[in-house]
Amino acid sequence: MHAHKYREVRAITPNDHERLVQSMNEFRYIVFGRFAPSILRTFKDFDYSLAQVASLFILDEKGELTIKQVAGLLERSVSATSRLLDQLASRDMITRREDEQDHRVKRVAITEQGRALIETLQLLRADVQIEMMEYLSPDEQADVVRGMVLLAKAGRKWREQHESSTTRTQVSSTT
């Protein structure tokens with residue numbers, strides 16, 4: 001078992017924290033065990049790296065960025081990021097073009113095909129998770145729905161707070 005650093009979170013005791021970590025891990029393993037084969041069935045030759053999938057998610061969320069910006073968000077070198085983005089471009093998952101103002105700068109954006117891949121991955125994962133919910137009572141299912149809505153709300157708040165000036169500065173200064 002991995003050691004987890006317990007952070008003080010209001011209303012979550014250290015015991016609750018450990019139960020959450022264990023439950024989340026168990027659920028992820030079960031979901032991934034069902035999710036991974038469904039990816040392979042859907043995409044017979046799915047051989048994208050985690051960095052490539054992360055790049056697609058970043059471009060889907062943030063829109064067109066420079067290669068340097070993507071590298072900063074992935075915390076990878078520009079040359080390594082450029083290579084992985086080239087592979088995505090060769091699969092028509094992203095477009096790559098020169099910046100109009102500075103031809104040394106290369107800009108990348110997700111294509112409709114790339115968006116379709118991301119959407120399919122998200123739907124496959126959601127389908128597996130919803131399938132697991134069928135083993136809960138209607139009241140328990142309603143609790144899970146409420147909990148997921150609250151987690152999404154907390155995620156939005158977290159993003160707003162943590163996409164601070166440092167994140168915005170990192171993205172804007174790497175153009």
J.: Please name all residues satisfying salt bridge (charged side-chain N to carboxylate O under 4.0 Å, His left out) with Arg96, sequence neighbours left out, ordered by chain then number.
T.: Asp86
J.: Going by side-chain hydrogen bond (donor to acceptor under 3.5 Å, both in side chains), name the residues that satisfy it together with Asp16, two or more places apart in sequence or in a different chain.
T.: Thr13
J.: Going by the rule side chain to side chain contact (heavy atoms under 4.5 Å, CB included), which residues pair with Asp139 if we only count those two or more places apart in sequence or in a different chain?
T.: Ser137
J.: Of Leu85, Leu74, Leu84, which is the lone residue that meets side chain to side chain contact (heavy atoms under 4.5 Å, CB included) with Gln52?
T.: Leu84
J.: Considering only residues two or more places apart or on different chains, which pairs with a residue in residues 108-117 satisfy salt bridge (charged side-chain N to carboxylate O under 4.0 Å, His left out)?
T.: Asp60-Arg115, Glu112-Arg115
J.: Taking only residues two or more places apart in sequence, or in another chain, which ones meet Ser90 in a side chain to side chain contact (heavy atoms under 4.5 Å, CB included)?
T.: none
J.: Is it true that atom CD of Glu26 has more than 12 heavy atoms of other residues, nucleotides or ligands lying nearer than 6.0 Å?
T.: no
J.: Residues in side-chain hydrogen bond (donor to acceptor under 3.5 Å, both in side chains) with Ser79, at least two apart?
T.: Ser77
J.: Could I get the full list of side chain to side chain contact (heavy atoms under 4.5 Å, CB included) partners for Leu40, not counting sequence neighbours?
T.: Phe46
J.: Applying side chain to side chain donor-acceptor pair (under 3.5 Å), which residue pairs with at least one partner in residues 118-128 are found, sequence neighbours left out?
T.: Arg125-Gln129
J.: With sequence neighbours excluded, tell me which residues meet side-chain hydrogen bond (donor to acceptor under 3.5 Å, both in side chains) with Thr81.
T.: none
J.: Tell me, please, which residues at least two apart from Lys157 pass side chain to side chain contact (heavy atoms under 4.5 Å, CB included).
T.: Lys153
J.: Please walk me through it: do Glu98 and Arg104 pass salt bridge (charged side-chain N to carboxylate O under 4.0 Å, His left out)?
T.: CA-CA 7 Å; Glu98 286 184 355; Arg104 296 169 298 173; over 6 Å; no
J.: Could I get the full list of ring pair (Phe, Tyr, Trp, His ring centres under 6.0 Å) partners for Phe32, not counting sequence neighbours?
T.: none
J.: Once side-chain hydrogen bond (donor to acceptor under 3.5 Å, both in side chains) is applied, do any residues pair with Glu131, and if so which ones, sequence neighbours excluded?
T.: Arg34
